[in-house]
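What follows is a short report on a single structure.
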Amino acid sequence: MADVAIIGGGPAGLAAAVYTARADQETLVFDKGGGTTRDVDWMENVYGFPEGASGPELVDVGQEQATKFGAAIVEEEVVQVGEDGDGYRIETEVDEYAVKGIILATGASYETPAIPHVDDYEGGGVSYCVECDAFFYRDKPVAVVGAGNYAAKEAMMLLDYTDDVRVLTNGNAIDMDDALLDQLEGEGIPVIEEPVDHIVGDEVVEGVELDSGEQLDVEGVFIALGAAGGTDIADMLGIARDGSYLDVDEDQYTGVDRVYAAGDLTGGQRQVNVSVGEGTTAAINLLEDFRGGEYIDYKKIEA
């Protein structure tokens, strides 16, 4: 039996692995590859990387640090998780593992809009993260695609960078609270319900064309449809959800004995720095559960 299973090998999972492995807990990080961090070409707002870093680079250095302290990267996909006596059974497509505690860090995949070839423009004007990329569109015309409260809030956030913002519901009915609609109107942000036919531009976004043939000149298109969380494993364990996200407390505790969750799977700010902090919190509190007291960093004591 291993001590800790961390399901997900992004920033949250690897940060957690550093702490559990340093505390002399046998740690397995299940990571089949992929993930939103690996898909990011470049980030300039990650602590410790003043020149910026790519998503794959961040994952690589995280793996290097976690394995340095003894964590093992298991390149297998988890297909089933269940209780097994006082611990848990992890089933992958090739093997089974018994563990005492679990940290879920599977991340969240972003919902894509029904706009032809929208994925071709990712990194070239299409973004799924205002906080990550709005900086690059200062004083430039931008659009937010979405019909709900999330889209309204993202549009309001963009006003910190540019005054030229509009919301495109892409033919979907507006599903925003009245207070948010009033805010958009007060800030002069139009909400356009006409469907988007396609994005205009060869390699980068130059605009969007609506079904009527009208072209809106924008340089950035921010997708704000919410995130489809990897919640199947959580459902197997009976973890409560808040929509597409797991419902955790301030300790990242799921309410299921010795099971914690961190990162994009729990909602909130989808930022690498936040995920690292949540992974750290989850690990420290799981270790406290194991010992029934305060967290001890044994590697530090030995030094």
Side-chain angles (χ1 to χ4, degrees), residues 1-40 42-43 46-49 51-79 81 87-108 230 233 252 258-266 271-291 295-303:
M1 174 180 282
D3 296 302
V4 180
I6 297 173
I7 304 177
L14 292 170
V18 169
Y19 277 77
T20 58
R22 277 178 59 88
D24 285 344
Q25 304 300 297
E26 184 179 354
T27 299
L28 306 177
V29 180
F30 292 89
D31 179 17
K32 188 65 182 289
T36 54
T37 300
R38 285 186 174 96
D39 291 337
V40 178
W42 199 251
M43 287 173 271
V46 179
Y47 177 81
F49 292 85
E51 302 303 321
S54 70
E57 179 184 359
L58 290 177
V59 174
D60 287 346
V61 297
Q63 287 188 347
E64 180 181 355
Q65 187 172 10
T67 56
K68 169 185 175 181
F69 295 113
I73 308 298
V74 182
E75 296 179 354
E76 300 170 15
E77 182 177 358
V78 174
V79 296
V81 178
Y88 295 93
R89 182 187 68 261
I90 308 290
E91 294 184 19
T92 72
E93 77 272 31
V94 297
D95 211 340
E96 293 188 7
Y97 303 82
V99 299
K100 295 197 304 183
I102 297 172
I103 296 174
L104 297 175
T106 55
I233 294 172
Q252 304 301 132
R258 300 187 310 282
V259 179
Y260 291 77
D264 291 357
L265 183 64
T266 64
Q271 300 288 299
V272 167
N273 296 323
V274 173
S275 293
V276 168
E278 290 183 356
T280 300
T281 299
I284 287 174
N285 286 295
L286 176 59
L287 292 169
E288 289 179 353
D289 270 1
F290 284 171
R291 301 190 182 96
Y295 162 69
I296 301 173
D297 187 335
Y298 287 116
K299 291 293 190 299
K300 185 174 181 180
I301 291 175
E302 290 172 3

Distance-only, no hydrogens or angles: does the E75 side chain make a donor-acceptor pair with backbone N or O of K32 under 3.5 Å?
no
Would T27 and I6 count as a side-chain contact (heavy atoms from CB on, under 4.5 Å) here? Give the steps.
CA-CA 7 Å; T27 299; I6 297 173; 3.8 Å; yes
Quick check for you: to the nearest 0.5 Å, what is the distance between E26 atom CD and D3 atom CG?
6.0 Å
Minimum heavy-atom distance between L14 and G9, given as atom pair plus value:
CD1-O, 3.3 Å
Once you round to the nearest 0.5 Å, how far does CZ of F49 lie from CG of L58?
5.0 Å
When you measure from the side chain of T266 to the backbone of A262, do you find a donor-acceptor pair of N or O atoms at a distance under 3.5 Å?
no
V276 side chain reached by Y47 side chain, heavy atoms, under 4.5 Å:
no
Please report the shortest heavy-atom distance between I102 and L286, naming the atom on each side.
N-CD2, 4.3 Å
Please round to the nearest 0.5 Å and tell me the distance separating atom CD of Q271 and atom CG of D264.
9.0 Å
Between E76 (side chain) and V74 (backbone), is there a donor-acceptor pair under 3.5 Å?
no
In terms of heavy-atom contacts, I103 and A16 come closest through CD1-CB, 3.8 Å
Between D31 and I73, is there a donor-acceptor pair closer than 3.5 Å when you use the side chain of the first and the backbone of the second?
no
Separation of Q25 CD from F69 CZ (nearest 0.5 Å)
15.0 Å
Quick one: CD on E57 to CH2 on W42, what's the gap to the nearest 0.5 Å?
6.0 Å
Looking only at heavy atoms, which two atoms of Y19 and A283 are closest? And how far apart?
CB-CB, 3.7 Å
So which heavy atom on G101 is nearest to which on F290, and how close?
N-CZ, 3.9 Å
With side-chain contact (heavy atoms from CB on, under 4.5 Å) as the test, would you mind laying out the steps for V81 and I7 before giving the verdict?
CA-CA 10 Å; V81 178; I7 304 177; 4.0 Å; yes
To the nearest 0.5 Å, what is the distance between OH on Y260 and CG on L287?
9.5 Å
Tightest non-hydrogen contact, residues A17 and A66, listed as CB-CB, 3.9 Å
For V4 and V99: C-alpha separation, side-chain torsions, deciding distance, then whether side-chain contact (heavy atoms from CB on, under 4.5 Å) applies.
CA-CA 6 Å; V4 180; V99 299; over 6 Å; no
